[in-house]
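Taking it in order: structure first as structure tokens, then the write-up.
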Amino acid sequence: MSKEVPVPSTQEARRLSSAAVVEGLASNDDAAVLAQLGYKQELRRNFTMIEVFGIAFSIMGLMPSIASTLAYSIPAGPVGLVWGWFLASGFIFIVGLAMADLGSAMPTSGGLYWWTHYFASPKTRNALSFLVGYSNTLGLIGGLCSIDYGFSLMFLSVIVIARDGEWTPSNGAIYGVFLACVLCHGILASCLSKIMGKLQSVFVILNMVLILATIIALPVGRASQRNPRTYIFGETANLTTWPTGWAFMLSWLSPIWTIGAFDSCVHISEEAANATKAVPFGILMSIGSCWLFGFVVVIVIAACMSTDLESILSSPFGQPMAQIYYDAVGKNGTLGLMSLLFIVQFLMGLSIVVAASRQTWAFSRDGALPFSSFFRPISKSFGYIPFRAIWGCVFLAAVLGLLTLIAPAAALALFSLAVAGNNVAWGVPIFCRVVWGQKKFKPGPFYTGRFSIPLAWTAVVFLAFGIVLSMFPVGGPNPTAQSMNYTVVINSAIWGGALLYYFVDARKWFTGPKITINLDELSEEQEEALKEEGLEVQGTDSGMGRSLDEETVAVKSEKTT
């Protein structure tokens, strides 16, 4: 099966993008870059470079995310909490560098599966692109579920603290708060589109306020009980039945989950001004900021928390961070800090709804999702946003959230669903680039140069390790039904289901995203690489006085079914 795709030259791309400029959606340069990737400008570019950073940083939600994942890091003691954060964050920054290379070169909302299809071999590109698209879409929705589940626990913990630990919320109450939170996010994401970019700056400020409040309040409240530096940086523990070394590795799950939203910069790229620079800036600034400020936060927590780690993890308030606050600033101070914590957590969920809906919309734009024709339209009345895709994400999140009614272990699988799903989506396009597509890669304004390939391989290995890590039962081997990590079941169903769907049915109609290349800017080596991959270049010799149709070339992609 073959697919004919028109490829505009630089001049033609600019002419085709003029409609977007007239409608006020984008600048000529941004719309032209998107046209060269095969898409017309349909979303309004409301996000500045700082606001692209803001959406990733606000989804990461440093303090709420650290608070939500202390159960992974505290069992390894202060060494796991502090050094686990520092080391894992460093590897995540390397992943960010590899993704920034790609995001600067090819900024489109469906970037991860688009890159996979472009760089993969002819025999694997459709299947891998299909897998990455589903893994990324469901990983982002899983991220929304885990964020809103964390919000519901934090919100209810405030009630528990106010009642002095004499009330325990039921699973039904947890899901009720979760569902209300998800629905609110859908409403706000639909109605605030015109100011969503500016709101990200507000969200960043609130995150910083919470960080500052924590690193000031804890040392002041524990002035006479602070732990020595030998404890902070050198004390190990093991509250699991795994070997101590593996308990330390499991502590990496906290930063891996926390610093896990940088691909949102890619998904928002069609709404970003100067996307070829804004996307890599947003990726690296968000990761770097969390690496630095998170390291400061975990040092402060290690310095100020009780040395009775088991009492922190088994807190009657249901949240280890609530117990740490309570020990430092008492009941009233804890109520204030936990309230600010769940507010910031709520804003995290709003930002990830925006990112997830853009990925969902981009995937439906290429016809890959069920009911793609329904989710595909853009709502002009709501401000040029994928309104239906937003509510599709909300509905699926509400369904996945039903896991909270089963058991805490099933609910915690939502955290690992986001980790494992997104790690596959990030790692596959990077792998495809270095294995099959390096000759086709045309760097954008941001490029790591000769370090690009070593960084990419390091990223792939780390992401593969992260997938394995996310599937281990946290407490130890031989888990019970209550302590089992169900990530392996959920993610295997997603990945296996996506591939089964592809080979049984989708292979008959899914030919991948639009593959368009600006041949005027390709080297002979790159053109030859395209031909070797089964992409046949067709066109006329360059010359003066060509008509518009004569300037347009086509790429014929030989598809294997």
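Along the sequence shown, residues carry numbers from 1. What you see is a predicted model, and the numbers here were worked out from it, not measured in a lab.
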Steps toward ring pair (Phe, Tyr, Trp, His ring centres under 6.0 Å) verdict (Y134, W495): CA-CA 8 Å; Y134 271 90; W495 297 328; over 10 Å; no

Test F441 against Y447 for ring pair (Phe, Tyr, Trp, His ring centres under 6.0 Å), laying out the working first. CA-CA 11 Å; F441 177 63; Y447 182 46; 5.7 Å; yes

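Between W252 and Y72, a ring centre-to-centre spacing not shorter than 6.0 Å is recorded. Annotation: F262 is in aromatic contact with W426 [ring centroid separation under 6.0 Å].
In this structure, the ring-ring contact (aromatic ring centres under 6.0 Å, His included) partners of Y175, at least two apart in sequence or on a different chain, are F178. With sequence neighbours excluded, the residues satisfying ring-ring contact (aromatic ring centres under 6.0 Å, His included) with F93 are W291.
With a 4.5 Å cut-off on side-chain heavy atoms, W115 and C432 do not count as touching. Using a 4.5 Å heavy-atom cutoff, the side chains of P443 and D101 are not in contact. Taking the side chain as every heavy atom from C-beta outward, P316 and Q323 approach each other to under 4.5 Å. Between I324 and L70 the shortest side-chain heavy-atom distance falls below 4.5 Å. Put simply, the side chain of H185 does not reach to within 4.5 Å of the side chain of V394, judged on heavy atoms.
Relative orientation of the F86 and F295 rings is tilted, given thresholds of 30° and 60° on the angle between their planes. Aromatic ring pairs are classed by plane angle as parallel below 30°, tilted from 30° to 60° and perpendicular above 60°; the pair W83 and F233 is tilted.
Between Q200 and S58, the side chains place a donor N or O and an acceptor N or O closer than 3.5 Å (distance only, hydrogens not considered). Between the side chains of Y326 and S315, no donor-acceptor pair of N or O atoms lies under 3.5 Å. Side-chain atoms of S306 and D308 include no donor-acceptor pair closer than 3.5 Å.
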